[in-house]
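What follows is a single structure, written as structure tokens, with notes after it.
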Protein chains: 2
Amino acid sequence: MIDDEPAICRALRINLTARSYEVKTASDGASGLATVARERPDVVIVDLGLPDMDGAEVIRGIRGWSTAPIIVLSARENEVTKVAALDAGADDYITKPFGMDELLARLRAAVRRATPAEDAPVVVTDDFTIDLAAKRVRTNADGEIKLTPTQWQLLEVLVRNRGKLVTQRQLLHDVWGPAYSTEANYLRVYVAQLRRKLEPDPSRPRYLLTETGMGYRFENESVAAGS
Amino acid sequence: MIDDEPAICRALRINLTARSYEVKTASDGASGLATVARERPDVVIVDLGLPDMDGAEVIRGIRGWSTAPIIVLSARENEVTKVAALDAGADDYITKPFGMDELLARLRAAVRRATPAEDAPVVVTDDFTIDLAAKRVRTNADGEIKLTPTQWQLLEVLVRNRGKLVTQRQLLHDVWGPAYSTEANYLRVYVAQLRRKLEPDPSRPRYLLTETGMGYRFENESVAAGS
DNA sequence: CAAAGGTGTGAAGAAGCCGTGAAAATGCTG
DNA sequence: CAGCATTTTCACGGCTTCTTCACACCTTTG
């Protein structure tokens with residue numbers, strides 16, 4: 001937050017911190033730019049009418065090397081100023097006085113836009129790599145592995161719960177649907193198929209583990225230290 | 001633009017057309033959603049207070065399957081309405097009466113934000129070159145290739161997700177719209193057409209790969225070193 | 001030590017999916 | 001309105017995938 005009015009700064013800091021945003025403040029353009037450079041914020045809130053620099057200057061200074069959303073606060077209704085700020089690279093422009101709820105909503109909108117929903121869905125083991133997003137598996141030995149839809153779904157459920165035990169019941173429910181809670185042989189058949197394709201030694205599984213009487217577990221102890 | 005006031009509609013249309021935006025209008029929520037589904041606009045402007053639907057409903061309806069920026073116009077200063085619209089997925093909220101210059105500036109900001117990731121609008125393979133921006137394909141053998149609109153859209157979705165598997169569902173959704181989630185034969189027909197035009201050996205595809213039961217994948221393993 | 005339940009195989013028929021060519025319907029242009 | 005390009009629909013053979021089953025193996029339990 002780059003703002004020279006202590007009152008607004010304090011009000012915002014309190015409200016934002018209460019919603020578990022992390023807030024850093026600067027009170028003029030120069031130190032604002034420095035802070036942005038240092039802290040790499042996810043969003044920047046800039047008050048126009050800073051003591052040392054023109055608002056559009058500050059915005060351009062940030063845009064020169066960051067694509068973080070910039071929200072401008074200003075007392076000035078003046079349309080020319082708004083247009084200048086927006087064209088300099090600002091993402092939103094709020095006129096004072098403003099409601100805190102509106103600011104927060106605009107903040108959420110800005111963050112939402114900037115976050116392209118990337119949850120790193122790639123699991124790497126010593127023997128193969130699973131890319132959940134691309135729906136793709138390759139082994140270090142043979143390269144690309146082809147999985148059938150059911151095989152893939154089963155693997156996906158297990159990998160999404162990696163480390164945890166997944167009940168037979170739940171696996172059947174998630175892969176075959178609510179009507180198949182009893183057909184436990186499906187699991188045996190398909191787990192065997194996956195082991196044949198993924199495990200270095202299918203008869204002694206290292207990743208797709210059986211928990212007798214309960215279900216299965218995908219384990220990826222990066223092994224690291226032998227023994 | 002979804003707006004039921006003819007005066008505003010006309011004013012906007014004139015101003016936007018003059019700046020060489022292409023404008024489509026709808027005068028109520030239902031036809032607005034239909035128009036968005038059909039036209040695939042780059043930005044949507046929605047007036048709240050439509051005759052048939054709640055504003056937030058319209059926004060959610062669009063957000064359900066499009067990520068195009070949505071700018072809301074409204075006569076209501078009411079903060080609750082603003083927050084509701086923004087949290088429903090709107091990107092900006094402008095209170096009437098507004099200055100045309102401000103609207104245009106916010107429009108530019110919205111479009112600018114929405115078009116960042118053009119990280120490689122030209123895809124080159126060993127056999128052909130796809131220019132996403134210019135919407136053109138040329139093969140090394142025959143030169144320029146003509147694609148029909150549907151063929152192009154399908155190819156575009158696949159290429160934008162190159163390397164990733166794209167579900168049949170998603171392809172139908174993105175190319176034909178939200179109502180066609182089941183017509184999987186369309187895909188077979190059009191993929192075959194694309195293969196006939198692009199693949200060196202259409203019966204043994206190298207780029208447009210089938211993942212039986214799941215979907216299709218555009219692959220461009222520059223072939224590179226064998227083994 | 002024998003019985004019982006749960007698990008890992010391999011194989012075979014059934015079911016469903018894909019590629020294909022072509023015809024009917026639709027929309028567009030002049 | 002005719003002529004053309006495009007989209008939608010359909011039915012077939014060939015192939016992949018799913019389901020089902022029988023049997024061997026293991027571990028636990030009385």
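Keep in mind the model is a prediction, meaning the values are calculated, not measured. A, B, ... follow the sequence lines: proteins, then strands. Residue 1 opens every chain.
Here the nucleotide nearest the side chain of Thr148(B), chosen from dT7(C), dT7(D), dC18(D), is dT7(D). Across dC18(C), dT9(C), dT6(D), the shortest atom-to-atom separation from the side chain of Tyr216(B) is found for dC18(C). For Ala192(A), the listed nucleotide lying nearest its side chain is dT9(C); candidates were dT9(C), dC17(C), dT7(D).
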Decide yes or no on salt bridge (Lys or Arg N to Asp or Glu O under 4.0 Å) for Lys82(B) and Asp101(A), but give the supporting numbers first. CA-CA 9 Å; Lys82(B) 279 192 197 177; Asp101(A) 289 335; over 6 Å; no

What verdict does the salt bridge (Lys or Arg N to Asp or Glu O under 4.0 Å) test give for Arg136(A) and Glu144(A), after you've listed the backbone C-alpha separation in whole Å, the side-chain angles of each residue and the deciding distance to 0.1 Å? CA-CA 8 Å; Arg136(A) 170 179 254 174; Glu144(A) 194 92 5; 3.0 Å; yes

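Spacing between atom CG of Leu187(A) and atom C1' of dT20(D) amounts to 15 Å, rounded to whole angstrom units. Per the geometry, CD belonging to Gln153(A) stands 13 Å off C1' belonging to dC18(D), to the nearest Å. As rounded to whole Å, 17 Å separates atom C1' of dT20(C) from atom CZ of Arg204(B). One can place CG of Leu171(A) at 15 Å from C1' of dT7(C), the figure rounded to the nearest angstrom. If you measure from atom CG of Leu209(A) to atom P of dG8(C), you get 11 Å, rounded to the nearest angstrom. Here dT16(D) presents its P atom at 12 Å from NZ of Lys197(A), a figure rounded to the nearest Å. When the P atom of dG6(C) is taken as reference, atom CD of Gln168(A) falls 9 Å away, rounded to whole Å.
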Check: protein-nucleotides 9-11 of chain D nitrogen or oxygen pairs below 3.5 Å:
from   : atom 1 : to        : atom 2 : distance (Å)
dT9(D) : OP2    : Tyr186(B) : OH     : 2.2

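Smallest separation of non-hydrogen atoms from Ala105(B) and Leu86(A): CB-CD1, 3.7 Å.
Both Gly213(B) and Gln193(B) lie close to DNA chain D; mapped to their nearest nucleotides by heavy-atom distance, the more 5′-ward contact belongs to Gln193(B). Across the interface with DNA chain C, nearest-nucleotide mapping of Glu211(B) and Arg196(B) shows Glu211(B) to be the residue nearer the 5′ end. Comparing Lys146(B) and Thr212(B) by the nucleotide of DNA chain D that holds the closest heavy atom to each, the one mapping nearer the 5' end is Lys146(B).
Checking the phosphate oxygens (OP1, OP2) of dC18(D), a side-chain nitrogen or oxygen of Thr150(A) falls inside 4.0 Å. Between Ser203(A) and the phosphate of dG8(C), there is no side-chain N or O to OP1/OP2 separation shorter than 4.0 Å. Remark: Tyr190(B) is not in phosphate contact with dT6(D), judged by side-chain N or O atoms under 4.0 Å from OP1 or OP2. Between dC18(D) and Trp176(A), no contact under 4.0 Å exists linking OP1 or OP2 to a side-chain N or O.
Once rounded to the nearest 0.5 Å, the distance linking CG of Asp174(B) with OH of Tyr180(B) reads 14.5 Å. Within the model, atoms CG of Leu171(A) and CZ of Arg169(A) stand 12.0 Å from one another, a figure rounded to the nearest 0.5 Å.
Applying the side chain to side chain contact (heavy atoms under 4.5 Å, CB included) rule to Met100(B) yields the partners Leu12(B), Asn15(B), Leu103(B), Leu104(B); only residues at least two apart in sequence or on another chain are considered.
Heavy atoms of Trp152(A) sit nowhere under 4.0 angstrom from any nucleic acid atom.
Using a distance-only test at 3.5 Å, with no hydrogens or angles considered, a donor-acceptor pair links the side chain of Arg195(A) to the main chain of Leu208(A).
Ring geometry for Phe218(A) against Tyr207(A) counts as parallel: the plane angle stays under 30°, on a 0 to 90° scale with 60° as the upper cut.
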